[in-house]
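Below, each value reflects all heavy atoms present in this structure, side chains not excepted, and no hydrogens, waters or symmetry copies. Since the structure is predicted, the reported quantities are computational estimates derived from the model, not experimental observations.
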There are 2 protein chains.
Amino acid sequence: MNTSISASWGRHINAIPPQSGEAALAPTSSFVDGQCIYSCGERADQVYRVEFGAVRVYRLLANGRRQILAFHFGGDWFGLQSRDRHSLNAEAIGVTGVRCIGLQEEPLCRPALFSAVLENFSAAQEHQLVIGRQSAIERVAAFLLEMSERSGYSRRFELSMSRVDVADYLALTIETVSRSLTKLKHRGFIELHGARGIELVGYRGLQNLCL
Amino acid sequence: MNTSISASWGRHINAIPPQSGEAALAPTSSFVDGQCIYSCGERADQVYRVEFGAVRVYRLLANGRRQILAFHFGGDWFGLQSRDRHSLNAEAIGVTGVRCIGLQEEPLCRPALFSAVLENFSAAQEHQLVIGRQSAIERVAAFLLEMSERSGYSRRFELSMSRVDVADYLALTIETVSRSLTKLKHRGFIELHGARGIELVGYRGLQNLCL
DNA sequence: CGCCCTATTGATTACGTTCAATCTTCGTGG
DNA sequence: CCACGAAGATTGAACGTAATCAATAGGGCG
């Protein structure tokens, strides 16, 4: 059995009106924490870009197990699928702004979209490596480095997601994530500032853990 | 520690001359078992399509651990990267024919390529689910169903890869793969015919295992 | 037929999960 | 501003699954 999933909000209704210059192609919608952006089974006729906040893309398995496949942050494209219906769910993490672009307006083969998919693909492969062949502590170290990279390689940053999300991203339990963080702290690689604050003290040490 | 990796062959030299009709755009090369098609660090200026045989795409980690990210079979495109250099290795499994297409000749945004990437991306995500949240026996069951699907949903087929490859694909050890196969046999889901032959007796039972 | 490589099976160990209890953090209201 | 409560996070103990180490069996090829 796995971590229980907090109730998700219903779908979003009120879209922010399109901003001048961007015209009707790219309306921005705002979502609250946990709100669904799209869900498994829906038609996949839009592609999305995170404006602010963060997004988790995940799937639920029969027995309640959840796997988060990716986190997306400002500037990231997401929601592209090979089939015409979504096979995954996307939810906002905290207050999040998302720009939606209809695929009929947007040529599917636009270079920007192409490289966005390649980027997503590449990230998925990297993550396969992490969850496939890394130990718990190595996964957490890799995760912290990834999050640091996403905040412009800063030494000190705040995680936008809870331990449950981290665990379901790394295919671990929250307990193991917590224990691994504690070990990293004791080894002098990181400092913890509250539940979300992370400071990377031994950046190089963390990198050595990951390979 | 992990399974030791058999020595790989050097790079391929003698390409089969381009076939009439396909012109110089798509020369087909033939590879022997274990031969390298491309390796990590090389320039990624080509995209490939499997003509016959099979291909494994993998990465080696520092401590000798190997993760196979994908198997590719006849008709599959592979080798597309987000950066200009390969971050992975590709090797032939058995005698394998591969059609190479230079990216300068081929517009990167060609619809066929786009959907090929989406297909690869989708497969990578599915595999993330399997190695992230499935038990050993569930992974092996999922693998057998995947291989069956790749052979046209046939009930009886031959695996093209060894147990080591299966293990490194499923992020398990060969012993665990072997034990899981034995369990599946004892439960009446499959029959084993030699080391490579698989017969799916309880197709539905296998599917129930995977979700 | 015999050898070597691959696969299977067995025994033990180690790592992460599970179950359970405590502590921290953060939001709310007095 | 502090006290309270609830949710999230940490820590602890026992358990279970897969890894490891080791030995045997099977299959393919000379």
What is the separation between atom [atom1] on [X] and atom [atom2] on [N], rounded to the nearest whole Å?
X	N	atom1	atom2	answer
Met161(B)	dA7(C)	CE	P	12 Å
Gln134(A)	dG16(C)	CD	C1'	16 Å
Asp33(B)	dC29(D)	CG	C1'	15 Å
Arg196(A)	dA7(D)	CZ	C1'	12 Å
Asp168(B)	dT6(C)	CG	C1'	15 Å
Arg133(B)	dT17(D)	CZ	C1'	15 Å
Asp165(B)	dA7(C)	CG	C1'	14 Å
Lys183(A)	dA9(D)	NZ	C1'	17 Å

Under a 3.5 Å distance rule, please check whether [X] uses its side chain to pair with a backbone N or O of [Y] as donor and acceptor.
X	Y	result
Glu138(A)	Ser135(A)	yes
Asn89(A)	Ser39(A)	no
His127(A)	Tyr169(A)	yes
Arg196(B)	Ser160(B)	yes
Arg49(B)	Trp77(B)	no

I'd like to know if the side chain of [X] pairs up with that of [Y] as donor and acceptor (distance under 3.5 Å, no hydrogens or angles considered).
X	Y	answer
Gln81(B)	Ser122(A)	no
Tyr48(B)	Ser29(B)	no
Glu91(B)	Tyr38(B)	no

Tabulated below should be each protein N or O lying under 3.5 Å from an N or O of nucleotides 8-10 of chain C; please produce it.
residue : atom : partner   : partner atom : Å
dT8(C)  : OP1  : Arg163(B) : NH2          : 3.0
dT8(C)  : OP2  : Arg163(B) : NE           : 2.7
dT8(C)  : OP2  : Ser178(B) : OG           : 2.8
dT8(C)  : O5'  : Ser178(B) : OG           : 2.8
dT9(C)  : OP2  : Thr182(B) : OG1          : 2.5
dG10(C) : N7   : Arg179(B) : NH1          : 2.9
dG10(C) : O6   : Arg179(B) : NH2          : 3.2

- To the nearest 10 degrees, what angle separates the axes at the start and end of the helix from dC1(C)-dG30(D) to dG30(C)-dC1(D), five pairs each?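 Axis-to-axis angle, ends of the helix: 40°.
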- Message: Is Thr173(B) close enough to dA18(D) that one of its side-chain N or O atoms is under 4.0 Å from OP1 or OP2 there?
- Response: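 For dA18(D), OP1/OP2 do not have a side-chain N/O of Thr173(B) under 4.0 Å.
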Counting only pairs under 3.5 Å, give me each side-chain donor-acceptor contact of residues 177-191 of chain A, with atom names and distances, residues two or more places apart or in other chains.
residue   : atom : partner   : partner atom : Å
Ser180(A) : OG   : Thr176(A) : O            : 2.8
Thr182(A) : OG1  : Ser178(A) : O            : 2.9

